[in-house]
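The structure appears below as structure tokens.
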There are 4 protein chains.
Amino acid sequence: MQAPQDTKPRWERRKDARPQELLAAALEQFVERGYAATRLEDVAKRAGVSKGTLYLYFANKEELFKAVVRANIVATIGEAEQDVANYDGDSAELLGTLLMRWWTEIWATPLGGITKLILAEGHNFPELAQFYNEEVVARGSLLVTQVLKRGIERGEFRQVDPVVMTRVLIAPVLMLMMWTHSYMPTCDMPEITPQDFMETFISTSLRGLKASAA
Amino acid sequence: MQAPQDTKPRWERRKDARPQELLAAALEQFVERGYAATRLEDVAKRAGVSKGTLYLYFANKEELFKAVVRANIVATIGEAEQDVANYDGDSAELLGTLLMRWWTEIWATPLGGITKLILAEGHNFPELAQFYNEEVVARGSLLVTQVLKRGIERGEFRQVDPVVMTRVLIAPVLMLMMWTHSYMPTCDMPEITPQDFMETFISTSLRGLKASAA
Amino acid sequence: MQAPQDTKPRWERRKDARPQELLAAALEQFVERGYAATRLEDVAKRAGVSKGTLYLYFANKEELFKAVVRANIVATIGEAEQDVANYDGDSAELLGTLLMRWWTEIWATPLGGITKLILAEGHNFPELAQFYNEEVVARGSLLVTQVLKRGIERGEFRQVDPVVMTRVLIAPVLMLMMWTHSYMPTCDMPEITPQDFMETFISTSLRGLKASAA
Amino acid sequence: MQAPQDTKPRWERRKDARPQELLAAALEQFVERGYAATRLEDVAKRAGVSKGTLYLYFANKEELFKAVVRANIVATIGEAEQDVANYDGDSAELLGTLLMRWWTEIWATPLGGITKLILAEGHNFPELAQFYNEEVVARGSLLVTQVLKRGIERGEFRQVDPVVMTRVLIAPVLMLMMWTHSYMPTCDMPEITPQDFMETFISTSLRGLKASAA
DNA sequence: GATGAATGAGATTTCATTCAT
DNA sequence: AATGAATGAAATCTCATTCAT
């Protein structure tokens, strides 16, 4: 007796997979070239389909772009929110871990490419930029802010405005992401690894944040 | 003897001013819309000339863009280099001043818009990106690196890799500039001023940099 | 012994019905949208089949269109021809009845839609237009012409050119049909019914046709 | 001394004429092919310009079409309105003259081609169809209706519903126009001239309209 | 026979670039 | 030097048609 797990004919299974393939190809092309400079024909070619096929799945270029953005808003933030809620130790350590995970698990992934796109060409798509900011940036920021408040309340951090400080802490991570995706491998940050950058950034920031000894 | 300062007839002086006017208009348009989305017709309209006139001064869109970039690489860096060389006081204060001046005198000006452009669409113009990085980012970085080395040597700063730390210190300023130019006034950084950001950033970084008390 | 009327299995009978269903759907869509604006996908959807199925029955869009036209050339004209041949009364009454039946039995039916199509987009299909004119318009016209000749011979109608007069009598009916199918319900003929139109048209024409009393 | 009538350089005079040339070419092409089947490239070619030039003068295909329609709504109706108001003789004669002039001065001109277009493809452009109906059909109809009322009041015509009768009188003229523009020269109305048609139509209708002798 | 995913030619539209004046 | 009408290559998008399943 044959295993009936998948009774669909091959091309139908293919159809189910198509949107993902197209989104993947589009993501790569958009990240590589930017929104405006990306030609749909290239996306199609990269996905191994014809121009017309794209339009079976996405109404137009803008919708394709939006779909790419939506598809890459990962659940990672949700997990991080849990971690922070449950954590019970040193705030500095929590903050350091949080920022480092943010880098490795979010910005160093394709989501980083998306974020770069939004920052670079976002103002041509105001609604999308807003949507993205709310879903990704704002939620992530809130997390950092909460840890900062916690540390301040517990006397671990000195008195700073947690909202402003949140921005200050986020900025270097985003900028690292921009550099990483700027395709200027040689001219950008020769001989510096993201790891180096993040470690130096985190250690310095935590030092600067900590309540003055005593 | 009459003052020979300007013997040219008026329309010829106008002619000399033309390129500047065109570059100014192009800068605004590029910053507002991005490279790809900028139509030369809009640049021309903004400058109050016809489309054809643009081509009298610049061979094509790309050359216009390059000219805009070149024209906005100001001499400010040179001045700063002098200041640093002549300074003779506390390294932390020097670094703080340097960073703040960097913001107010460079990134908060139209040059900021150019930098954003380069970061956003630079990889479509690799040679330009490289040129820009060398002329602006590298020279500026070098300055910061020098101050860091000076501070470390003088025992004011703790032992850090000055090249990496330079990046860490530059990143927030650039990111602030990106945000400032991202045309997402509402969703971006509600109720935070660049001033707040810079102050918090600088004070925290300097604290994190300083050699552990004693 | 079982009735052998239909020994085919059901799906095969279905198969036989398919072309009719497709033609019906195509007729509606063509009439509603016009030839050029009709998308085969919509025809298929309307018929509840897939786009590909259309091509099992019709070689291409043009053939489908032609098939629709051919399928709607009804036998009604044949009946009318019989009626006219057998009639033995007043020519004016015969003509009036003929015209009114023409309207109700032909132009007010989907065939009207076809005629509108031919008139509207027929010159993109010259052969089809010719075919249609010969099969429908010419035969119908001939009928009218015969009645006119009969009336003139019998002294009931005044001396007119029967061929020209035929056109004059056909025109209003066709125009009514155009209006009826023109999908401009409000702007076209407010508060006038086809019935009103036909009655007024017939009575006036017959009056105008009749041999001047005496 | 040279005549200074036209100081513009040649190409500028050309520019002024361009829209008219384009509209003329578009009219021909639309009338020949129908709206949907007309390719802008063909219009351009017919006008002796490139595709892009069309877009200097008309935003898109639909706007071009609308412009063609607007440009062909002649003032003729206005003149006819004057004539009717001033006329002081036999209503039947007035009506006959009106209808004949309608044919020769309006429907037999390019405006006829436009009307055919509207009737054929008008429901794809509802607003345009409405606009056209109001400006051309409704005004023309009103004129006929007024003459009918006048004749009925003066006892020249028998008692008919003037609104319905208006339609009955307009229909043949419009249908003649449809036939004329249907580009089926051979199959349509062999050996009948529009002149024949109109004369037979008018004489029959007037006979049918006149108050029964006495 | 039926499906519907895939195709690609062709249409509209945009815009950097040219060139006669 | 300046103009702006004209161009045409290239991009987006549509849809009749094909074909593997």
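For clarity, every value in this text was computed on a predicted model and none was experimentally measured. Just so we're on the same page: letters track the sequence lines, and every chain starts at 1.
- Rounded to whole Å, the distance from CZ on A/Phe58 to P on F/dC13 is 14 Å.
- As rounded to whole Å, 9 Å separates atom P of F/dT3 from atom CG of B/Leu56.
- With sequence neighbours excluded, no residue forms a side chain to side chain donor-acceptor pair (under 3.5 Å) with A/Thr38.
- Proximity of a side-chain donor or acceptor of D/His181 to a complementary backbone N or O of D/Gly113 within less than 3.5 Å is detected.
- Among E/dT7, F/dT3, E/dG1, the nucleotide with an atom closest to any side-chain atom of C/Tyr57 is E/dG1.
- The interatomic distance linking A/Gln29 (CD) with F/dA11 (C1') rounds to 14 Å, in whole Å.
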Distance-only donor-acceptor pairs under 3.5 Å for side chains of residues 62-69 of chain B, two or more places apart:
unit_1  : atom_1 : unit_2   : atom_2 : d
B/Lys66 : NZ     : B/Glu127 : OE2    : 2.5

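- Atom CG of C/Leu54 and atom P of F/dC15 are 15 Å apart (whole Å).
- Nearest heavy atoms, C/Gly122 versus C/Ala129: O-CB, 3.9 Å.
- Not counting sequence neighbours, the partners of D/Tyr132 by the side chain to side chain donor-acceptor pair (under 3.5 Å) test are D/Thr115.
- Side-chain atoms of C/Gln29 never come within 3.5 Å of backbone atoms of C/Val43 as a donor-acceptor pair (strictly under, hydrogens ignored).
- Going from atom CD of A/Glu21 over to atom P of E/dA5 covers 14 Å, rounded to whole Å.
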Could you write out each protein N or O paired with an N or O of nucleotides 14-18 of chain E at a distance under 3.5 Å?
unit_1 : atom_1 : unit_2  : atom_2 : d
E/dA16 : OP1    : B/Thr38 : O      : 3.4
E/dA16 : OP2    : B/Leu40 : N      : 2.9
E/dT17 : OP2    : B/Tyr55 : OH     : 3.0
E/dT17 : OP2    : B/Lys61 : N      : 2.9
E/dT17 : O5'    : B/Tyr55 : OH     : 3.4
E/dT17 : O4     : B/Lys51 : NZ     : 2.9

What dot-bracket string describes DNA chain E from 5' to 3', counting Watson-Crick and G-U wobble pairs whose defining distances are under 3.5 Å, with [ ] for crossing pairs and | for pairs to another strand? .||||||||||||||||||||
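- With sequence neighbours left out, C/Ala37 forms a side chain to side chain contact (heavy atoms under 4.5 Å, CB included) with C/Arg33, D/Asn124.
- Residue C/Asp42 contributes atom CG, which lies 9 Å from atom P of F/dC15 at whole-angstrom precision.
- Smallest separation of non-hydrogen atoms from A/Asn72 and A/Pro110: OD1-CB, 4.3 Å.
- Distance D/Phe65 CZ to E/dT12 P: 14 Å, rounded to the nearest Å.
- Sorted by first and then second residue, the salt bridge (charged side-chain N to carboxylate O under 4.0 Å, His left out) pairs with a member in residues 42-61 of chain A read A/Glu28-A/Arg46, A/Glu32-A/Arg46, A/Arg39-A/Asp42; sequence neighbours excluded.
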